[in-house]
Amino acid sequence: METREAIYKRQSIRHFKDQAIQQTVLEEIVKDAQRAPSWANSQPGHVYVAIGSTLKEIKKRHLEKSQQGASGNSDLETTHRNTWSVEAQTNMENWSRFVSQRLQEEHSPVFAFQDAQFNLFNSAAIAYLTLPQNANGWSLYDLGAFGQTLMLSAIDRGIQSMPAYELVKYPKDLRETMGIPSSEMIVMGIGLGFPDGSGINQIYTKRNEIDKILTIKK
Ligand SMILES: Cc1cc2nc3c(=O)[nH]c(=O)nc-3n(C[C@H](O)[C@H](O)[C@H](O)COP(=O)(O)O)c2cc1C
């Protein structure tokens with residue numbers, strides 16, 4: 001697949017089919033992600049992938065906590081939206097409006113979005129990206145590049161993805177079920193799988209006009 005095709009094909013998928021991903025394919029995707037650049041080739045991250053009965057247990061615990069209304073406690077600090085830049089706040093508001101509009105157009109019930117979060121998007125596999133607790137900002141940059149490379153490699157293999165805070169909001173459970181040591185912070189989760197045709201997957205987001213974010217100086 002052409003690189004640009006993969007870039008534009010990637011979109012957040014919020015409901016995956018009940019179809020497993022072969023373990024060898026998961027390994028290949030992570031191997032591809034390792035080609036991402038990092039500061040002095042430090043390769044600071046670690047990947048933990050949940051499938052099978054471990055993923056089932058994670059989903060069960062997540063659903064229970066979500067239904068109880070347990071508040072999230074991610075390892076990365078989650079700051080209130082009003083502390084973000086004005087531009088970012090506007091983009092987030094626009095996104096919320098766009099999602100509601102698309103769900104209405106698709107006749108998807110309003111609760112579908114929350115339901116998807118509660119059920120961890122019915123992911124066939126979840127990759128958790130971690131860094132050592134004392135990692136610096138450069139490593140965070142490196143891990144982001146790793147995550148995007150992973151998602152693009154997945155696309156090349158017909159697999160879609162879902163990067164989400166929702167997947168890492170209860171880190172204590174993930175440490176217990178995945179054996180992730182307390183010396184590592186769980187930065188991000190990426191759900192993987194094959195998209196189904198549900199309305200919630202028909203949200204193809206827009207981006208700002210390029211002149212809003214680009215400055216070229218001659
Ligand atoms: C750091 C991060 C956290 C996110 N957390 C969630 C989440 O908890 N739930 C969710 O439905 N989407 C989540 N998303 C997906 C974004 O809403 C999505 O990437 C954005 O709207 C752009 O849409 P696209 O991925 O389809 O291009 C997250 C994305 C990122 C990068």
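For ligands, and for the atoms within them, numbers begin at 1 and follow the listed sequence.
- Close approach to Gln11 involves these atoms of ligand 1, each under 4.0 Å from a residue heavy atom: 26 (O).
- The closest approach between any non-hydrogen atom of Tyr204 and ligand 1 is not below 4.0 Å.
- Among all protein heavy atoms, the one lying closest to atom 5 (N) of ligand 1 is Tyr165 N, 2.9 Å.
- At least one cation-pi condition fails for Lys17 and Phe194: the charged atom is not both under 6.0 angstrom from the six-membered ring centre and inside a 45 degree cone around its axis.
- Of all protein heavy atoms, the one lying nearest to atom 26 (O) of ligand 1 is Ser12 N, 2.8 Å.
- In terms of protein heavy-atom proximity, atom 20 (C) of ligand 1 is closest to Trp95 NE1, 4.3 Å.
- Between Met162 and ligand 1, not a single N/O pair is under 3.5 Å apart.
- Nearest non-hydrogen protein atom to atom 16 (C) of ligand 1 is Arg14 NH2, 4.0 Å.
- Distance from atom 14 (N) of ligand 1 to its nearest protein heavy atom, with residue and atom name: Pro163 O, 3.1 Å.
- The closest approach between any non-hydrogen atom of Lys169 and ligand 1 is not below 4.0 Å.
- In this structure, the side chain of Ser96 engages the main chain of Met92 through a donor-acceptor pair within 3.5 Å.
- Side-chain atoms of Phe146 and Gln34, non-hydrogen and from C-beta on, do get closer than 4.5 Å to each other.
- Under the 4.0 Å criterion applied to side-chain N and carboxylate O atoms, Glu166 and Lys169 are assigned as salt-bridge partners.
- Using a 4.0 Å cut-off between charged side-chain N and carboxylate O, Lys212 and Glu87 make no salt bridge.
- Scanning all protein heavy atoms for the shortest distance to atom 23 (O) of ligand 1 gives Thr205 OG1, 3.0 Å.
- Trp39 and Trp138 have tilted rings, their planes meeting at an angle from 30° to 60° on a 0 to 90° scale.
- The closest approach between a heavy atom of Gln114 and any atom of ligand 1 is not below 4.0 Å.
- Within a 6.0 Å sphere centred on CG of Asp18, other residues, nucleotides and ligands contribute 12 heavy atoms or fewer.
- In this structure, atom 31 (C) of ligand 1 lies nearest to the protein heavy atom Met188 CE, 4.3 Å.
- Aromatic ring centres of His62 and Phe118 lie farther apart than the 6.0 Å criterion allows.
- At least one donor-acceptor pair under 3.5 Å links the side chain of Thr149 to the backbone N or O of Ala145.
- Within the listing of ligand 1, atoms 7 (C), 8 (O), 9 (N), 10 (C), 11 (O) sit less than 4.0 angstrom from a heavy atom of Gln117.
- Ala164 CB, 3.6 Å is the protein heavy atom nearest to atom 7 (C) of ligand 1.
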